[in-house]
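Each remark here refers to the structure printed beneath this line.
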Amino acid sequence: MAAYNDKKYRNVFSEIGKSDAEIEKKIKDAVDTFFYGSEEERIFHPVGDDMGYLEDTGNHDARTEGMSYGMMMCVQLDMKEEFDRIWKWSKTYMWMNEGENEGYFAWSCNVDGSKNSNGPAPDGEEFYAMALFFASHRWGDGEGIFNYSAEAKEILRACVHKGENGRAGAPMWNRDNHLVLFVPGHPFSDPSYHLPHFYELFAEWAYEEDKEFWQTAAKESRKYLVKTCHPVTGLNPEYGNFDGSPVNDPMPWDGSIHGRFFSDAYRTAANIGLDAEWFGTDEGQLSVPLKMMKFFGTDIEAMRCVYEIDGTSLELPVLHPVGLLATMAQSALSVPYSKESGSDFEIASKWVEWFWNQPLRQGKRRYYDNCLYLFALLALSGNYRIW
């Protein structure tokens, strides 16, 4: 059964034998470190009496990715003060109210609030909107920018309708094939941006005129994930063409290649796991995480290098090994619980156990890894919920 219907959420940690007390302590310790640890540990930084930001510690900036992630964490954890701080910082410094990208958020700002770019990134808008809807349902709407549901609806209206009726700019979804774009105006996608479990809820809570769009987007995203994930290894590229194939052309802004299984791509398996938990609708994508687990096998060291999606090792070190482990563990939500020896769950449970024994990452690169780590903790304990 799907949690959307029965309101029951799996506790995979409990399924592998962890006690309620152990689970509660592990979550509390991680949250305390992430939000209020030492300068060398934390990601969240309060600003003044009513704002705050999450820092990408590797790049010393604040990104819509991390800011919207932080809001999702806070609404799941019932941390309203921190949620409102992050949201006010986002609206104060990242929100754009004029120009080509009016209605969107600048994807990167310096920690003093000055913009590094006027371009948006759709994964931020997706998580902002979903977190705001959940906040509305959990805490109720306030006034101004704290009228959470109204803010969410306006974000999604921009994402779908920019460029229409004289409004400047371009949408974040391709209106013909219903696929989310890497950035507005670009003719390719990012598989890790595909969140069909969010789109199902957007169809219920966004403006009525877009109900059918979001319903179709959910279905097409699941189909897209089947096409973009390799049929044997399950690995997916960072950037994918609309037919699912990897985007292997160098990016015009820096010459980088993103057709490989690398940092962005790790999130895809975790997203599939959460979609399995919330809705359980299978277009073929729910088999992907188990393929990945079998590809990597029982040697956790196999996760230390970069791969082409067909499994060819490139002998390059990964930047975010903890993040990769966290997303693989979260993807266990796509594997049904079983006590039988030799079952698929026995394979998945090894990844959950490996993750359980992995501490938060330390050092300069900890931001991305620890965001994915905290999401996995919430999801695997039954605390990443539809509100």
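Fair warning: this is a prediction, and the values are worked out from it, not measured in the lab.
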Does the side chain of [X] pick up a donor-acceptor pair with the side chain of [Y] at under 3.5 Å?
X      : Y      : value
His194 : Thr268 : no
Glu82  : Tyr36  : yes
Tyr373 : Gln330 : no
Trp107 : Ser117 : yes
Asp141 : Ser149 : yes
Trp278 : Glu200 : no
Ser338 : Glu340 : no
His258 : Asp190 : no
Tyr199 : Gln215 : no

Taking the six-membered ring where the residue is Trp, are the ring centres of [X] and [Y] under 6.0 Å apart?
X      : Y      : value
His320 : Tyr266 : no
Trp351 : Phe355 : no
His197 : Phe279 : no
Trp205 : His137 : yes

Would you indicate whether the side-chain heavy atoms of [Y] and [X] approach each other to under 4.5 Å?
X      : Y      : result
Cys74  : Lys80  : no
Val288 : His230 : no
Gln76  : Asn383 : no
Asn116 : Asn110 : yes

| task | Please determine which of Tyr128, Tyr148, Phe127, Tyr53 meets the ring-ring contact (aromatic ring centres under 6.0 Å, His included) test together with Trp87. | result |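 Among the candidates, only Tyr128 passes.
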| request: Carefully, step by step, assess Trp139 and Trp387 under the rule ring-ring contact (aromatic ring centres under 6.0 Å, His included). | output: CA-CA 10 Å; Trp139 301 318; Trp387 291 95; 8.9 Å; no
Would you say [X] has more than 12 foreign heavy atoms packed within less than 6.0 Å of its [atom1]?
X      : atom1 : result
Lys219 : NZ    : no
Glu164 : CD    : yes
His60  : NE2   : no
Lys8   : NZ    : no

N/O donor-acceptor pair under 3.5 Å between [X] side chain and [Y] backbone:
X      : Y      : value
Thr312 : Glu308 : no
Glu220 : Ala217 : no
Gln285 : Thr281 : yes
Asp264 : Ser192 : no

Test: [X] and [Y] ion pair at under 4.0 Å:
X      : Y      : result
Glu40  : Arg366 : no
Lys28  : Asp32  : yes
Glu346 : Lys339 : no
Glu353 : Lys18  : yes
Arg85  : Glu81  : yes

To the nearest 0.5 Å, what is the distance between [atom1] ([X]) and [atom2] ([Y])?
X      : Y      : atom1 : atom2 : result
Ser331 : Arg267 : OG    : CZ    : 15.5 Å
Ile86  : Met79  : CD1   : CE    : 7.5 Å
Ile145 : Thr92  : CD1   : OG1   : 6.0 Å
Gln362 : Asp369 : CD    : CG    : 12.0 Å
Ser114 : Tyr93  : OG    : OH    : 9.5 Å
Leu290 : Asp344 : CG    : CG    : 4.5 Å

| side chain to side chain contact (heavy atoms under 4.5 Å, CB included) evaluation trace for Lys350 with Ile347 | CA-CA 6 Å; Lys350 292 178 181 178; Ile347 296 171; 5.8 Å; no
With a 4.5 Å cut-off on side-chain heavy-atom distances among I, L, V, M, F, W and Y, is there a chain of contacts connecting [X] to [Y]?
X      : Y      : value
Ile257 : Leu316 : no
Tyr384 : Leu374 : yes
Phe242 : Leu195 : no
Phe182 : Tyr224 : no
Leu179 : Tyr239 : no

| CA sep, side-chain torsions, deciding dist, call: Lys88, Asp84, salt bridge (charged side-chain N to carboxylate O under 4.0 Å, His left out) | CA-CA 6 Å; Lys88 186 171 182 181; Asp84 286 347; over 6 Å; no
Cation over ring, [X] on [Y], under 6.0 Å and within 45°?
X      : Y      : result
Lys26  : Trp356 : yes
Lys162 : Tyr104 : yes
Arg157 : Tyr207 : yes

Identify the two heavy atoms, one from [X] and one from [Y], that lie closest to each other, and give their separation to 0.1 Å.
X      : Y      : answer
Arg304 : Pro321 : NH1-CB, 2.9 Å
Ala158 : Gly103 : CB-O, 3.9 Å
Ile309 : Phe261 : CG2-N, 4.3 Å
Phe105 : Glu125 : N-OE2, 2.8 Å
Met172 : Pro120 : CE-CB, 3.5 Å
Ser381 : Ile23  : CB-CG2, 3.8 Å

| Can you check side chain to side chain contact (heavy atoms under 4.5 Å, CB included) on Tyr307 and Phe262, steps first, answer last? | CA-CA 7 Å; Tyr307 291 93; Phe262 196 54; over 6 Å; no
| request: Identify which one of Arg361, Glu65, Glu55 satisfies the side chain to side chain donor-acceptor pair (under 3.5 Å) criterion when paired with Tyr367. | output: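 Considering Arg361, Glu65, Glu55, a side chain to side chain donor-acceptor pair (under 3.5 Å) with Tyr367 is found only for Glu65.
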| task | Check the pair Arg63 / Asp61 against salt bridge (charged side-chain N to carboxylate O under 4.0 Å, His left out), numbers first and verdict last. | result | CA-CA 6 Å; Arg63 303 184 170 202; Asp61 65 354; 2.9 Å; yes
